[in-house]
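Structure record follows, encoded as structure tokens.
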Amino acid sequence: MALRQTPSQTVGPYFAYGLTPEQYGYPLGKIADGGMAPPGVEGERIRIEGRVFDGAGAVVPDAMIELWQADSKGRYAHPADPRGSNAAFTGFGRFGTGTDPENRFVFTTVKPGRVDGRQAPHVNLIVFMRGQLSHLYTRLYFEDESAANAADPVLGTVPADRRGTLVAKREATAGGVVYRLDIHMQGPLETAFFDV
């Protein structure tokens with residue numbers, strides 16, 4: 001029997017297995033997952049959900065999303081932020097879409113506060129996906145922060161007709177507040193990505 005060659009991929013081929021091993025059932029440690037708000041973390045508990053769509057409009061079943069955000073008071077858990085964040089909140093999460101029945105990314109976290117008094121509440125998203133030469137950066141803003149969004153200096157750099165690709169819809173569910181934002185890699189709904 002001839003063995004087939006492992007498919008080559010520009011990101012991968014097993015990036016999600018290696019970076020989110022517990023999700024895929026491997027007994028390896030992790031540095032992050034989708035649960036970002038352990039007890040004791042201040043702020044409104046929220047859930048962020050979405051799916052990644054490829055250029056043909058098909059759901060990507062094996063993407064991986066990293067999320068980085070400030071805490072509920074707009075402070076980052078990072079040495080460069082001298083204000084100091086909530087000690088139990090790392091502000092960093094990672095989720096592979098391949099283990100969710102609907103191929104979603106799902107984060108349970110707290111709604112971030114305004115950063116530096118100018119930027120609207122937002123989370124930073126990094127998209128890893130097969131076929132990419134490198135990961136992509138984008139942001140998620142919150143539908144119910146329209147006044148802050150209108151004044152946000154970063155969102156203001158995005159053409160007005162594309163800003164909606166970065167604004168998550170709010171839903172009140174029995175399980176709590178959910179913000180939904182799908183990521184489209186190409187096409188008329190293409191998400192705005194940032195060159196950082």
Side-chain angles (χ1 to χ4, degrees), residues 4-37 46-70 76-78 80 89-110 112 115 121-142 154-155 157-158 162-169 178-196:
R4 297 173 61 183
Q5 182 178 8
T6 301
S8 63
Q9 298 186 12
T10 49
V11 176
Y14 303 117
F15 62 96
Y17 301 130
L19 295 174
T20 56
E22 287 191 350
Q23 272 188 255
Y24 288 88
Y26 294 103
L28 303 172
K30 63 182 178 190
I31 63 169
D33 59 19
M36 299 171 54
I46 64 171
R47 185 172 160 118
I48 293 174
E49 296 181 3
R51 295 185 295 174
V52 180
F53 291 87
D54 67 14
V59 174
V60 177
D62 56 356
M64 190 187 75
I65 304 297
E66 289 185 347
L67 184 155
W68 188 46
Q69 68 166 90
Y76 279 100
H78 189 275
F89 187 64
T90 64
F92 178 72
R94 180 181 281 163
F95 199 95
T97 64
T99 59
D100 183 81
E102 299 176 38
N103 296 126
R104 297 171 299 178
F105 54 86
V106 180
F107 295 96
T108 53
T109 183
V110 293
V115 177
H122 68 276
V123 300
N124 303 291
L125 299 175
I126 304 173
V127 182
F128 295 83
M129 193 184 96
R130 59 184 151 80
Q132 292 182 161
L133 295 176
S134 184
H135 45 280
L136 298 173
Y137 297 90
T138 188
R139 280 186 167 192
L140 176 153
Y141 289 89
F142 299 91
V154 176
L155 190 57
T157 66
V158 177
R162 300 199 56 219
R163 289 178 194 156
T165 67
L166 303 180
V167 180
K169 305 294 182 201
V178 176
Y179 289 92
R180 297 186 195 282
L181 181 74
D182 289 331
I183 296 172
H184 295 265
M185 304 306 292
Q186 290 179 318
L189 299 175
E190 182 178 337
T191 298
F193 296 103
F194 295 94
D195 185 12
V196 295

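These numbers come from the heavy atoms of this one structure, side chains and all, not from hydrogens, waters or symmetry mates.
Although no hydrogens or angles enter the test, the distance criterion places a donor-acceptor pair under 3.5 Å between the side chain of Q132 and the main chain of V127. Between the side chain of Q23 and the backbone N or O of T99, no donor-acceptor pair lies under 3.5 Å. Without hydrogens or angle criteria, R163 side chain to L155 main chain gives a donor-acceptor distance under 3.5 Å.
Qualifying ring pair (Phe, Tyr, Trp, His ring centres under 6.0 Å) partners for Y137, counting only residues two or more places apart in sequence or in other chains: H135. Partners of N124 under the side-chain hydrogen bond (donor to acceptor under 3.5 Å, both in side chains) rule, at least two apart in sequence or in another chain, are Y76, R139. Partners of K30 according to the side chain to side chain contact (heavy atoms under 4.5 Å, CB included) rule, which considers only residues two or more places apart in sequence or in another chain, are E22, D33. Take Y141 and apply the ring pair (Phe, Tyr, Trp, His ring centres under 6.0 Å) test, not counting sequence neighbours, and it matches H122. With sequence neighbours excluded, no residue satisfies salt bridge (Lys or Arg N to Asp or Glu O under 4.0 Å) with D54.
Here the CD1 atom belonging to I65 is positioned 7.0 Å from the CZ atom belonging to F107, to the nearest 0.5 angstrom. For the atom pair CZ (F128) and CG (L136), the distance works out to 9.5 Å, reported to the nearest 0.5 Å. Expressed to the nearest 0.5 Å, how far CZ of F92 lies from CE of M36 amounts to 8.5 Å. Expressed to the nearest 0.5 Å, how far OG1 of T20 lies from OH of Y26 amounts to 10.0 Å.
Heavy atoms only, all atoms of each residue included: P112 and P121 are closest at O-CB, 3.3 Å. Smallest separation of non-hydrogen atoms from V106 and D100: CG2-OD1, 4.2 Å.
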Mind listing the side-chain donor-acceptor pairs of residues 179-196 below 3.5 Å, one per line with the distance, residues two or more places apart or on another chain?
unit_1, atom_1, unit_2, atom_2, d
Y179, OH, K111, NZ, 3.4
Y179, OH, D144, OD1, 3.2
Y179, OH, D144, OD2, 2.9
Y179, OH, R170, NH1, 2.8
R180, NE, E171, OE1, 3.1
R180, NE, E171, OE2, 2.7
R180, NH1, E49, OE1, 2.3
R180, NH2, E171, OE1, 3.3
D182, OD1, R51, N, 2.9
T191, OG1, H184, N, 2.9

Check step by step if side chain to side chain contact (heavy atoms under 4.5 Å, CB included) holds for F142 and I46. CA-CA 11 Å; F142 299 91; I46 64 171; 3.8 Å; yes
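Side-chain contact between L140 and Q69 is absent, with no heavy-atom pair separated by less than 4.5 Å. For the pair V59/R104, no side-chain contact is recorded, criterion being any heavy-atom separation below 4.5 Å from C-beta on.
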